[in-house]
Amino acid sequence: MKEELQEYAKQHTSRESEALQFITKATAEELQYDDMLSGRQIGTMLRLLVQTSNASNILEVGMFTGYATLSMAEVLPEGGKITALEMNTLYMSIAERGFDMSGLKRRINVIHGNARKTCRELTDEYDLIFLDADKQNYPQYYADLKPKLKPGGLFVVDNVFWYGGVIELNDRKSRAVHELNEMLVNDPDMETVMLDIRDGLTISRKRIR
Ligand SMILES: C[S@@+](CC[C@H](N)C(=O)[O-])C[C@H]1O[C@@H](n2cnc3c(N)ncnc32)[C@H](O)[C@@H]1O
């Protein structure tokens, strides 16, 4: 039943652009790990967050083949930009083709390298940060990036259930994801909701003091 309802939810979520369909197809055809792609539900949720919060400066940590990046870039206001961190050049090459097709490349700045290092070198402040990279480092990313989130800004995290691992806590990644979940819900600076969508999505807003 749960799987049927998940499919039903997907079918009742808005259709994607041609460029997003291209990214989905190319990822499935060219890569073994196409389940890393965020997909229509998370992508559309991010688009709605960008539009309702009027975000114009966005950071994504862990771009993969660019699905979420382009989903958000498509709804940015004129002059808006998204910076995406990724270390894998094969994944980046699929993203580049999708960005070319979209005609929105000018809004997207991809930084190649280990995001543990590149995220510390960023000097901007962001309206929305989407964290979706190496799970074992989730708590450190939060510590590094919270100061770069504007008051009123959104910190969005994917895979917060880590396929159920956050209940058993049997491995390093599960413990790290759980640690971040605890940090967010106990942080008085943040207002947080964890949603049971796909592998869990947290949306956390930095309070305006
Ligand atoms: C789950 S995928 C991201 C999915 C993507 N956000 C989307 O919407 O389809 C995680 C990505 O993070 C990247 N990644 C993992 N650790 C990284 C690191 N330390 N630095 C940069 N990229 C990293 C992986 O190469 C992979 O592409």
Side-chain angles (χ1 to χ4, degrees), residues 10 13-51 53 55-124 126-138 141 144-145 148 154-160 197-199 201 203:
K10 198 173 153 192
T13 297
S14 297
R15 303 277 176 273
E16 304 142 308
S17 66
E18 268 183 35
L20 286 171
Q21 286 175 33
F22 165 82
I23 287 177
T24 306
K25 190 163 174 283
T27 304
E29 286 173 359
E30 296 175 35
L31 299 178
Q32 259 179 309
Y33 305 110
D34 68 324
D35 62 335
M36 285 209 290
L37 186 139
S38 55
R40 197 151 109 200
Q41 270 181 293
I42 302 287
T44 308
M45 173 67 100
L46 289 167
R47 293 163 75 89
L48 294 175
L49 290 174
V50 170
Q51 293 171 96
S53 68
S56 63
N57 197 13
I58 296 173
L59 174 68
E60 180 183 17
V61 185
M63 176 181 76
F64 190 43
T65 52
Y67 188 94
T69 322
L70 185 57
S71 294
M72 293 187 275
E74 284 180 346
V75 295
L76 277 173
E78 218 28 69
K81 65 171 181 170
I82 175 161
T83 300
L85 312 183
E86 178 55 58
M87 65 181 182
N88 183 304
T89 51
L90 178 60
Y91 303 162
M92 287 166 65
S93 71
I94 295 179
E96 284 297 316
R97 282 183 271 150
F99 300 162
D100 282 342
M101 183 183 276
S102 73
L104 295 171
K105 222 172 159 175
R106 68 188 181 285
R107 296 183 181 173
I108 303 169
N109 171 31
V110 180
I111 300 179
H112 177 226
N114 185 341
R116 289 296 312 120
K117 180 166 179 281
T118 54
C119 83
R120 289 198 210 110
E121 292 162 0
L122 300 167
T123 52
D124 266 13
Y126 298 93
D127 302 302
L128 188 154
I129 297 176
F130 178 45
L131 177 58
D132 196 14
D134 36 336
K135 313 303 164 195
Q136 67 275 20
N137 289 314
Y138 264 18
Y141 281 117
D144 288 339
L145 293 172
K148 299 182 199 289
L154 298 176
F155 194 78
V156 184
V157 189
D158 200 11
N159 302 108
V160 293
I197 160 176
R198 264 183 36 128
D199 187 32
L201 185 81
I203 303 168

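Since we're looking at a predicted model, the values are computed, not measured. Index from 1, following the sequence.
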When you measure from the side chain of [X] to the backbone N and O of [Y], does any donor-acceptor pair fall under 3.5 Å?
{"X": "Arg198", "Y": "Asp158", "answer": "no"}
{"X": "Asn114", "Y": "Arg116", "answer": "yes"}
{"X": "Glu86", "Y": "Met92", "answer": "no"}
{"X": "Asp127", "Y": "Ser56", "answer": "yes"}
{"X": "Lys135", "Y": "Ala133", "answer": "yes"}

Apply side chain to side chain donor-acceptor pair (under 3.5 Å) to Asn88 and list each qualifying residue two or more places apart in sequence or on a separate chain. none
Any residue meeting side chain to side chain donor-acceptor pair (under 3.5 Å) with Lys10, in chain and number order, not counting sequence neighbours: none
Side chains of [X] and [Y]: does their closest heavy-atom pair fall under 4.5 Å?
{"X": "Tyr141", "Y": "Leu85", "value": "no"}
{"X": "Ile111", "Y": "Leu122", "value": "yes"}
{"X": "Leu201", "Y": "Met45", "value": "yes"}
{"X": "Thr89", "Y": "His112", "value": "yes"}
{"X": "Leu104", "Y": "Phe99", "value": "no"}
{"X": "Arg97", "Y": "Phe22", "value": "yes"}

Which pairs count as salt bridge (charged side-chain N to carboxylate O under 4.0 Å, His left out) when at least one residue sits in residues 36-48, sequence neighbours excluded? Arg47-Glu74
Heavy-atom closest pair, residues [X] and [Y]:
{"X": "Asp132", "Y": "Tyr138", "result": "CA-OH, 3.7 Å"}
{"X": "Ile23", "Y": "Ile94", "result": "O-CG2, 4.5 Å"}
{"X": "Leu70", "Y": "Gly98", "result": "CD2-O, 4.0 Å"}
{"X": "Leu37", "Y": "Phe64", "result": "N-CE2, 3.5 Å"}
{"X": "Gly113", "Y": "Met87", "result": "O-CB, 3.2 Å"}
{"X": "Ile82", "Y": "Ala73", "result": "CG2-CB, 4.1 Å"}

Between Thr69 and Glu60, do the side chains contain an N or O donor and an N or O acceptor separated by less than 3.5 Å? yes
Do Thr27 and Thr65 have a side chain donor and acceptor closer than 3.5 Å? yes
Nearest-0.5 Å distance that lies between atom [atom1] in [X] and atom [atom2] in [Y]:
{"X": "Ser38", "Y": "Asn159", "atom1": "OG", "atom2": "CG", "value": "9.5 Å"}
{"X": "Gln51", "Y": "Leu46", "atom1": "CD", "atom2": "CG", "value": "11.0 Å"}
{"X": "Thr24", "Y": "Tyr67", "atom1": "OG1", "atom2": "OH", "value": "5.0 Å"}
{"X": "Leu20", "Y": "Arg15", "atom1": "CG", "atom2": "CZ", "value": "13.5 Å"}
{"X": "Thr83", "Y": "Asp124", "atom1": "OG1", "atom2": "CG", "value": "6.5 Å"}

Evaluate Lys105 against Asp100 for salt bridge (Lys or Arg N to Asp or Glu O under 4.0 Å), listing each step before the verdict. CA-CA 6 Å; Lys105 222 172 159 175; Asp100 282 342; 3.0 Å; yes
Atom CD of Glu121 with >12 non-hydrogen neighbours under 6.0 angstrom: yes
Apply the test side chain to side chain contact (heavy atoms under 4.5 Å, CB included) to residues Ile42 and Phe130: give CA-CA distance (whole Å), side-chain angles for both, the deciding distance (0.1 Å), then the verdict. CA-CA 11 Å; Ile42 302 287; Phe130 178 45; 4.2 Å; yes
Test Ile58 against Tyr126 for side chain to side chain contact (heavy atoms under 4.5 Å, CB included), laying out the working first. CA-CA 6 Å; Ile58 296 173; Tyr126 298 93; 5.7 Å; no
Apply side chain to side chain contact (heavy atoms under 4.5 Å, CB included) to residues Leu90 and Leu31 and explain how you reach the verdict. CA-CA 9 Å; Leu90 178 60; Leu31 299 178; 3.6 Å; yes
Step by step, would you call Arg107 with Glu78 a salt bridge (Lys or Arg N to Asp or Glu O under 4.0 Å)? CA-CA 9 Å; Arg107 296 183 181 173; Glu78 218 28 69; 3.3 Å; yes
Run the side chain to side chain contact (heavy atoms under 4.5 Å, CB included) check on Ser53 and Leu154 step by step: do they pass? CA-CA 8 Å; Ser53 68; Leu154 298 176; 4.1 Å; yes
